[in-house]
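Report on the following structure.
Sequence lines set the chain letters: A, B, ... in the order given, protein chains first and strands last, and positions in each chain run from 1. Only heavy atoms go into these numbers, but all of them, side chains included; no hydrogens, no water, no symmetry mates.
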Amino acid sequence: MSNELLAWFPLIPLLGATLPLLFARAGRNACAVVTGAVSLSALALLLVAASSLQIGQSRSVSFEWLPQVGLSYAILLDGLGVFFAGIILVIGLLIIVYARFYLSTREPIGRFYAYLLLFQGAMLGVVLSDNILLLVVFWELTSLSSFLLIGFWRHVPEGRQGARMALVVTGGGGLLLMAGFILLGQIAGSYELSTILTRGEQVRSSPLYLPMLLLVLAGAFTKSAQFPFHFWLPHAMAAPTPVSAYLHSATMVKAGVFLLARLWPILAGTDAWFLIVTGVGLVTMLVGAWIALFKDDLKAILAYSTVSHLGLMTMLLGFGTRMAAVAAVFHILNHALFKAALFMSAGIVDHEAGTRDVRRLGGLARLMPISAGLAIVASASMAGLPFLNGFLSKEMMLEEAAHTTYAGTGWLLPALATLGAVLSVAYSARLAIATYMGPKRSDYPQLPHDPPLGLWAPVAVLIVPVVVIGLAPAWLAGPLVALTAQAVIGSAALPDYHLSLWHGFTPALYMSLIAFAVGFGLVARQAMVDGVRRRFVRPEAKRMFDVATETLIAAAQKITDGLHTNSLPRYLAFIFATILIVGAAGYGAGAALTGPRPLLPVNLPSLVVWAALALTCGVVVLTHANRLLTLILTSVVGLAVSLAFVQFSAPDLALTQISVEVVTTVLLLLALNLLPRVTLTEFSALRRMRDGAIAILGGLGAAALAFAVMTRDVASISDYHLAQSKPGGGGTNVVNVILVDFRGFDTFGEIIVLCIAALSIYALLSGALRGTAAKRLAGMLQAEEAADAHPLLLVVVTRVLLPLAITVGAFIFLRGHNQPGGGFIAGLVVAIAFVMQAVASGHAWAVARQRIDAHTMLGLGVLIAGLTGLTSILLASPFLTSAFDYFSLPLIGSFELASAMAFDLGVFLAVVGTVILSLSQIARVQARAERKPVPQGPSDIPLARSPSAAAQVSSASQAAPVANAIRGDL
Amino acid sequence: MEFLVATAIGLLTATGLYLALRGHSFPVILGTVFLSYAVNLFLFAMGRLAVDKAPIVAEAAPYADPLPQALVLTAIVISFGMTALFVVLALRGYLETGSDRVDTLNDDGNEPEQRTSGGHTT
């Protein structure tokens with residue numbers, strides 16, 4: 001098998017996660033079969049890949065992903081990876097079978113299996129990643145997919161809250177882990193695990209070792225529910241039981257332990273590692289076991305017991321000895337087997353008896369003998385009774401603890417480890433006795449009996465190795481443990497150990513005997529023990545967590561409210577002020593304002609235009625409350641700007657600016673007709689002064705910047721464009737050639753933006769024809785109609801000029817490649833010619849005579865431009881490559897045809913369409929506000945003028961009739 | 001001449017900024033129009049000023065820099081599209097709410113009684 005295939009391990013379930021969704025309609029069985037097939041194929045791949053793997057060997061494959069940050073898609077298959085991947089896939093398969101029978105027919109099993117496979121893929125990624133950054137990616141993916149699984153029952157509030165808590169704790173831990181891994185990568189000089197693992201000495205002697213260790217441990221401890229982060233695991237029990245059995249016993253919670261094992265060769269062996277990891281593991285083991293003893297919910301007992309066992313594994317890895325590492329590996333295997341079986345058994349009890357509360361259970365052994373038998377064996381293994389696998393690894397743990405000195409005292413660790421074993425015996429015994437032993441009861445919520453084969457068979461499959469390992473550990477588990485342990489230990493030799501039932505009269509055996517005696521005694525005296533517990537303070541973790549998160553959320557809300565005030569002036573003031581500050585910092589370099597470039601001499605026309613512009617700006621600022629006046633003045637400024645373009649050798653820009661100016665002014669006049677004509681309220685004087693200060697500073701900055709740049713010389717890339725315009729693009733107007741040829745793709749994007757703007761305008765205003773907006777429109781008070789809405793002279797002139805204007809447009813379009821002009825300008829000119837018809841003769845009149853819909857023009861424009869580009873692809877050149885040639889016709893003579901002209905036609909149509917669509921849509925809305933009938937003809941001059949209308953016209957500002965004439969008529 | 005253009009850019013910027021900071025939609029839109037003038041002129045000026053050197057290839061080299069001109073040409077047209085969209089947004093907003101203010105104040109300039117804020121839900 002080639003190593004490339006290794007890359008598929010996480011991908012098979014991740015991609016396969018779509019299949020159950022596709023098969024959801026095909027029924028639950030088909031769905032389960034498909035999901036199982038996905039897991040099975042990954043398992044088959046694992047078996048093939050692992051079969052050739054010798055102890056101490058590994059195989060890997062790597063693809064670059066983001067080499068700049070050290071991220072690669074690298075998969076490493078070694079003993080530890082095989083071990084965990086095997087647990088994930090085998091138990092995953094059993095869970096898939098179990099869930100098929102566990103979930104009711106009403107529940108969306110396709111979604112459940114999709115989440116499950118997503119999780120499985122993420123988990124495989126965690127245990128098989130060779131790149132530690134990739135590992136973090138998968139790590140967070142397990143947090144996310146477990147969030148989905150815990151909250152699978154969306155209607156259950158506990159499920160949602162538990163899911164959120166798990167996500168916050170494990171996802172947050174993942175972030176710390178990422179920080180730790182980045183540090184680790186920096187220390188070791190590589191992000192590849194296989195490289196890092198060879199640099200243990202370098203890592204441990206680094207001054208950054210301790211911060212890195214703390215961050216990595218924070219990630220591991222949150223994931224594996226170690227004290228004080230253990231509180232999320234019991235709340236995650238709101239998940240459906242198959243999820244608990246899979247994630248919270250065998251796989252996800254072991255990810256933290258996996259990480260400790262994975263990094264054991266480089267991190268373990270220091271004092272910090274020993275003290276922290278051993279201490280946290282020990283405390284977790286005791287706290288979890290103690291709480292488990294008093295829980296009444298079967299799944300809660302199992303959850304805390306899992307916390308306790310995870311603590312045990314952590315503690316073993318913390319010891320830092322090779323023998324303890326072997327014991328930890330062995331216990332990971334044993335725990336996965338009996339705990340998954342127990343969770344599934346709890347699910348069976350819940351499913352059959354209708355409750356998981358041990359106070360309402362008992363005597364189930366008589367009603368459901370098969371599942372009871374299996375569960376009792378599993379409990380016995382959890383308690384560590386002989387002839388079962390739990391006994392063996394617990395003995396190894398006790399043996400190691402007996403030889404370990406902690407905090408300078410030799411007896412502390414053995415004593416506390418024994419206490420842990422005592423409690424473990426006690427809660428296991430209580431679980432088994434309270435649920436299955438004793439007499440039958442008459443008050444079960446529903447009468448239990450053995451479930452269908454599909455529910456108990458997966459349990460049985462797990463119980464077989466529980467017993468067989470217990471009897472013949474070396475035969476069944478020996479090779480696997482050796483393979484895994486060697487990978488954990490790294491380059492050092494495996495210790496001399498024997499997986500066997502009988503080790504002689506060792507300290508561990510005595511400690512076990514004490515544990516059995518005291519443990520069963522505790523169960524018998526449960527009430528008394530409970531009394532002891534009640535004397536302790538029992539902090540409620542969920543409440544503390546809730547208070548903490550609520551405080552954080554409230555603080556975040558406060559900050560958001562402070563910033564997000566729904567006030568545009570405020571936002572803009574912040575933005576402008578920030579730009580000012582950043583810009584001012586730029587000036588800090590202290591370069592001279594004036595550069596060496598010689599200045600152009602000032603001429604009189606320029607000075608006059610400048611003065612007009614300056615004066616207009618001043619008046620605009622002072623009188624902006626009068627909106628109509630401001631609008632007229634704005635167009636004066638636009639005129640001045642286009643004159644500037646004329647002066648400074650930019651004829652194309654001048655033509656564009658002046659035609660855009662016309663269109664913009666008409667547009668704003670139309671809009672102003674529906675908006676208030678004057679601004680009534682203003683900000684306080686203080687506020688205006690602040691705004692003025694921002695404006696003046698901004699203006700000074702812009703002016704200084706522009707001046708500084710303009711007085712310095714520049715090396716431009718334009719020489720290429722100038723040189724190639726004629727020979728390469730076939731045109732002498734370089735600006736136009738750049739637009740349609742050199743930067744044609746840019747232009748293509750721009751006309752699409754224009755079309756999107758036009759369509760958005762259409763959509764926005766179409767909505768205004770209904771609902772609140774339409775009501776307000778209908779109720780709008782209109783100013784008195786101008787006496788002659790369609791002045792005869794204007795009507796005649798515009799109609800006479802229309803053919804001429806269109807001819808001018810065509811002329812400008814055709815000459816655009818060589819002289820000032822082109823699609824943009826021609827489009828604007830033609831659009832203005834049409835708009836003028838509507839202004840003069842009325843919108844209704846113009847629409848009735850409009851042959852081509854504006855939408856069609858937009859579509860045609862983009863289509864023609866796009867097809868021009870695609871044609872060049874058909875001719876095996878890049879998109880929008882242009883071609884041109886010279887032709888000659890009789891009478892006309894020689895002329896040039898360029899493919900760029902077709903592109904320019906597309907631009908032309910898009911511009912015409914945009915302008916007409918935007919303006920006519922506003923006019924259409926305005927027609928709704930019309931209270932008087934829309935004038936039908938262009939020459940509807942009323943014969944009698946009403947006195948009030950005459951008075952209105954004479955008293956209104958001089959510009960008002962213009963607005964009134966346009967209103968509603970475009 | 002450079003000084004005139006630079007000060008014109010400054011004046012247009014200052015006017016645009018001041019108008020953009022007003023509390024009603026129409027002046028704000030005019031503010032963006034002024035800012036468009038300023039920015040377009042500024043971009044154009046990045047090609048340096050030249051008189052009687054239009055970039056139409058003929059005998060009379062040198063020419064003004066054509067690249068900023070091409071960029072500004074499309075920028076002018078796009079500015080129109082942007083202005084039109086802003087105007088229509090303002091119009092729709094006004095028609096829906098009956099107010100053309102762009103902050104949370106009422107038309108009389110006071111804070112409204114109820115302030116909308118994105119509260120979080122459990």
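- Chain B forms the most heavy-atom pairs under 4.5 Å with one residue out of A/Leu828, A/Val620, A/Ile825, and that residue is A/Val620.
- A/Thr664 touches chain B through backbone and side chain together, each having a heavy atom under 4.5 Å away.
- Only the side chain of A/Phe576 comes within less than 4.5 Å of a heavy atom of chain B; its backbone N, CA, C and O stay farther away.
- In this structure, A/Pro569 and A/Arg687 approach most closely via the heavy-atom pair CB-NH2, 3.4 Å.
- Top candidate by heavy-atom pairs under 4.5 Å with chain B, chosen from A/Lys726, A/His721, A/Lys775, is A/His721.
- At a 4.5 Å heavy-atom cutoff, the contact between A/Arg743 and chain B is made by side-chain atoms alone.
- Only the backbone of A/Asn818 comes within contact range of chain B, with at least one heavy atom under 4.5 Å from a heavy atom of that chain.
- With respect to chain B, the highest number of heavy-atom pairs below 4.5 Å among A/Val753, A/Leu722, A/Leu705 belongs to A/Leu722.
- For A/Ile922, the part sitting under 4.5 Å from any heavy atom of chain B is the side chain, from C-beta outward, and nothing else.
- Ranked by non-hydrogen atom pairs under 4.5 Å with chain B, the options A/Thr914, A/Val637, A/Val737, A/Asp652 are led by A/Val637.
- For a residue to count as touching a neighbouring chain, one of its non-hydrogen atoms must lie under 4.5 Å from one of that chain's; by this rule A/Ile756 does not touch chain B.
- For A/Leu697, no part sits under 4.5 Å from any heavy atom of chain B, backbone or side chain.
- The residue among A/Val660, A/Val714, A/Leu765 with the most heavy atom pairs within less than 4.5 Å of chain B is A/Val714.
- For A/Pro157, no part lies under 4.5 angstrom from a heavy atom of chain B.
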Ring pair (Phe, Tyr, Trp, His ring centres under 6.0 Å) evaluation trace for A/His624 with B/Phe26: CA-CA 10 Å; A/His624 68 84; B/Phe26 197 77; over 10 Å; no

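- Contact detail for A/Ala757 and B/Leu85: the closest heavy-atom pair is O-CD1, 3.9 Å.
- Counting heavy-atom pairs under 4.5 Å between each of A/Ile717, A/Leu675, A/Thr772 and chain B puts A/Leu675 at the top.
- With a 4.5 Å cut-off on non-hydrogen atoms, A/Asp719 does not touch chain B at all.
- Within 6.0 Å of CZ on A/Arg627 lie more than 12 heavy atoms contributed by other residues, nucleotides or ligands.
- Residue contact with chain B, scored on non-hydrogen atoms closer than 4.5 Å, involves the side chain of A/Phe824 exclusively.
- A/Asp691 has a carboxylate O that lies under 4.0 Å from a charged side-chain N of B/Arg22, or vice versa, which qualifies the two as a salt bridge.
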